[in-house]
There are 2 protein chains.
Amino acid sequence: MIRAQLHRPDPAALVDFLDEHLRSGDCLVQVVSECEVLYSGRAASVAEAGDYLVIVKQDGSVQVHGHRSVKPVNWQPQTDDIFVAIEDGVAVMRAERFQPSEMVRVAFLEPALAQAVGLRESGMFVLMGSEAEMQQALARHPEVIEPGLEVLHRELPTEVGGIDLFARDADGALVVVELKRSKATQEAVHQLSRYVDGVRRTSSEPVRGILAAPAVTAPALNQLGSLGLEFREVSALPGIDDDADRQPSLFAPV
Amino acid sequence: MIRAQLHRPDPAALVDFLDEHLRSGDCLVQVVSECEVLYSGRAASVAEAGDYLVIVKQDGSVQVHGHRSVKPVNWQPQTDDIFVAIEDGVAVMRAERFQPSEMVRVAFLEPALAQAVGLRESGMFVLMGSEAEMQQALARHPEVIEPGLEVLHRELPTEVGGIDLFARDADGALVVVELKRSKATQEAVHQLSRYVDGVRRTSSEPVRGILAAPAVTAPALNQLGSLGLEFREVSALPGIDDDADRQPSLFAPV
DNA sequence: ACATGAATATTGGAT
DNA sequence: ATCCAATTTTCATGT
């Protein structure tokens, strides 16, 4: 799986290495080095010289990782072109993208390691517990939201956007249900309000609005009240089995 | 910068390696291996056996990278605890987080390489062209939005959220300005509308609403019109010099 | 290609 | 600790 490694390469060797393995297009290339990183495109940024881990994947995506955080310090998805050259005695990689136009330039000031990794394409990935699943479950069991609720539509498109669940309650009133998989904020309230207003504009029937989520923030609940809308608590996920046997922790956070 | 490397380790050696270097807490640890990955928490997911690059940073963040895309296949930010053990003859790493409660479990079915990288903390990172910068610039030069505009407040908190710029125009009317660094969508229009309504509720003075962004989507512009709000085009970034000399591209996208 | 909305969003700042 | 809004959000999807 490890195609090649280069320890403490000089600039020329690093350029050759990158040239060869990036060109092949069938492996992931990594460089650990003191770098200077420049980004220009949708925004512009400069990283002062520092230690970074640079990863270039087969699709041309580039990410520059610092010592913490999941998110890279600097990145670029699916670049169209990658150039490598020596500039002022330093190996430099430049990755460009056309739409939108942007560019990352990494200068490898003091490369410690370069390696090429052959990652075979991997199997399927299964995800459960998304908003889509929650919507499906609630559409099948609307009584969880309110007894007597009858679902008319899922993902009903309107002028102002898609209504997650459109239903009729036991009293015959129309009900707009907005689902949030996680704690609902003011944005969700406003989204719901938008939909309810939209329905009211096209119908003279009474219309209720229900925000269904595992939790709400206090300001959001406030605003719901003042707008005459309702909140209904629904659990986001089926129970998580969480009592596996423990070993002593390896990691002590700073 | 490269503290240690282990090629094709057996499960026991890998566990020892991970134990040692994760415990040290001052280096980034990587494993290239055929893996099986399980996530359970805010959602639940399973990755079938496949080749992945696993990265554990000093802050306990875990990311499992596949062969393409900037985004990891599976990840977890800032875990509280990491455990390593042999289960059924396979080295397994389990990273847990308490708030919210979630867990990633990686089984290293066939490890090709494990390495520990000492990344020194890096220098400052400067970002230009963010919304904060744009706000600052426009607060200093409000005439770019409209001649005669006088800024009263920046980031004015209201009941329904913070107003980016609150101003008075040449005719004495109040002006709510919503800034977007990128193309403005309907969401931005509703945000602006929310703020304008909020101000009108507390003041009988005439109130205008201006959406300032480098571009708008057509539906958003439509809705602006129907709500009696305005759009003003402002460039998000200072000019980007883009005519550096080119070399032949190394990367040909599939 | 463009617009829209979800995401295990993540992250930083304010309260 | 909680809440809130920006993000080079990325990403999938519908039109």
Side-chain angles (χ1 to χ4, degrees), chain A residues 39-45 61-64 68-78 97 99-104 125 127-135 155 157 160-164 178-188 191 215-222 236-237 240, chain B residues 38-45 59 61-64 68-78 97 99-104 125 127-135 155 157 160-164 178-188 191 215-222 236-237 240:
Chain A
Y39 164 79
S40 161
R42 287 170 286 180
S45 67
S61 61
V62 177
Q63 41 198 310
V64 181
R68 51 169 229 102
S69 163
V70 171
K71 198 176 170 182
V73 179
N74 222 312
W75 70 95
Q76 191 142 206
Q78 279 174 288
R97 198 179 171 204
Q99 189 63 350
S101 165
E102 48 188 348
M103 185 260 290
V104 171
F125 196 79
L127 177 65
M128 296 157 294
S130 64
E131 175 160 325
E133 269 221 350
M134 184 172 158
Q135 188 184 115
E155 277 302 334
V160 289
I163 293 175
D164 289 337
E178 170 70 19
L179 296 180
K180 282 294 158 204
R181 212 194 44 69
S182 52
K183 187 178 270 200
T185 68
Q186 287 194 78
E187 273 318 296
Q191 206 171 334
V216 232
T217 66
L221 189 57
N222 251 336
L237 287 168
I240 297 160
Chain B
L38 238 142
Y39 165 80
S40 162
R42 287 169 288 180
S45 68
D59 61 351
S61 61
V62 177
Q63 40 198 312
V64 180
R68 53 168 228 99
S69 166
V70 170
K71 194 180 173 179
V73 177
N74 223 316
W75 72 95
Q76 192 144 208
Q78 279 176 289
R97 196 179 172 204
Q99 189 67 349
S101 164
E102 50 187 346
M103 186 260 289
V104 171
F125 194 82
L127 177 67
M128 293 156 295
S130 65
E131 176 160 324
E133 266 226 348
M134 187 172 157
Q135 190 184 114
E155 275 301 335
V160 289
I163 293 175
D164 288 339
E178 171 69 19
L179 296 181
K180 282 292 158 206
R181 207 199 47 72
S182 52
K183 186 179 270 201
T185 69
Q186 285 193 82
E187 278 313 300
Q191 206 172 334
V216 231
T217 67
L221 190 56
N222 253 335
L237 290 168
I240 296 159

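Note on naming: letters A, B, ... go to the chains in the order of the sequence lines (proteins, then strands), and numbering restarts at 1 for each one.
Summarising the geometry, the separation between CG on D164(B) and P on dA6(D) is reported as 6 Å, rounded to the nearest angstrom. We find that CD of E155(B) is positioned 8 Å from P of dA6(D), with the value rounded to whole Å. Between the CD atom of E102(A) and the C1' atom of dT9(D) there is a distance of 12 Å, rounded to whole Å. Rounded to whole angstrom, the span from the CG atom of N222(A) across to the C1' atom of dC3(D) amounts to 13 Å. Taking atom CH2 on W75(A) and atom C1' on dT10(C), their separation rounds to 10 Å, with Å as the unit. Rounded to whole Å, the distance from CE on M134(A) to P on dA6(C) is 12 Å. Protein atom CD of Q186(A) is 18 Å distant from nucleotide atom P of dT2(D), rounded to whole Å. Between the CD1 atom of I163(B) and the C1' atom of dA14(C) there is a distance of 17 Å, rounded to whole Å.
Residue Q76(B) is classed as having no contact, given no heavy-atom separation below 4.0 Å to the nucleic acid. Within the 4.0 angstrom heavy-atom criterion, no nucleotide atom of any strand lies near E187(A). When heavy atoms are screened at a 4.0 angstrom cut-off, E131(B) is found touching the sugar-phosphate backbone but no base atom. Residue contacts shown for R68(A) are limited to sugar-phosphate atoms, with no base heavy atom under 4.0 Å away.
For the atom pair OG (S69(B)) and CD (Q63(A)), the distance works out to 8.0 Å, reported to the nearest 0.5 Å. Note that CD1 of I163(A) and CD of E155(A) are 10.0 Å apart. Values are rounded to the nearest 0.5 Å.
Sequence order on DNA chain C of the closest nucleotides to E178(A) and P157(B) puts E178(A) first from the 5' end. Comparing K71(A) and V70(B) against DNA chain D, the residue whose closest nucleotide sits nearer the 5' end is K71(A). Residues R97(A) and A132(B) both approach DNA chain D. Their nearest nucleotides, taken by heavy-atom distance, put A132(B) toward the 5′ side. Mapped onto DNA chain C by nearest heavy atom, T185(B) and N74(B) fall at different nucleotides, with T185(B) at the one closer to the 5' end.
Under 4.0 angstrom from either OP1 or OP2 of dT8(D) there lies no side-chain N or O belonging to S182(B). Contact annotation: R42(A) side-chain N/O to dT10(D) OP1/OP2 distance is under 4.0 Å. Taking 4.0 angstrom as the limit, K183(A) places a side-chain polar atom (N or O) nearer than this to OP1 or OP2 of dC3(D). In terms of phosphate contacts, K180(A) brings a side-chain nitrogen or oxygen within less than 4.0 Å of OP1 or OP2 of dA6(C). Proximity of Q135(A) to the phosphate of dA6(C): no side-chain N or O atom is located under 4.0 Å from OP1 or OP2. For the OP1/OP2 pair of dT2(D) and a distance below 4.0 Å, the side-chain nitrogens and oxygens of T217(A) include no atom meeting the criterion. OP1 or OP2 of dC11(D) has not a single side-chain nitrogen or oxygen of Q78(A) nearer than 4.0 Å.
Listed for the R42(A) side chain is no donor-acceptor partner under 3.5 Å among the backbone atoms of G129(B).
When distances are taken from the side chain of Q191(A) to each of dT9(D), dG5(C), dA6(D), the shortest belongs to dG5(C). Which of dT2(D), dT10(D), dT10(C) sits closest to the side chain of P77(B) comes down to dT10(C). Distance from the side chain of A43(B) is smallest for dT8(C) among the nucleotides dA3(C), dT8(C), dC3(D).
dC4(D) and dT8(C) have their P atoms separated by 22 Å, given to the nearest Å. With both ends at atom C1', the span from dT8(D) to dA14(C) equals 24 Å, rounded to whole Å.
The nearest pair of heavy atoms linking T185(A) to T217(A) is CA-OG1, 4.0 Å. Nearest heavy-atom pair across S61(B) and P77(B) is CB-CA, 4.1 Å. Between Q135(A) and L179(A) the shortest heavy-atom distance is CA-CD1, 3.5 Å.
For R97(B) and E102(B), the salt-bridge test passes: some basic side-chain N is under 4.0 Å from an acidic carboxylate O.
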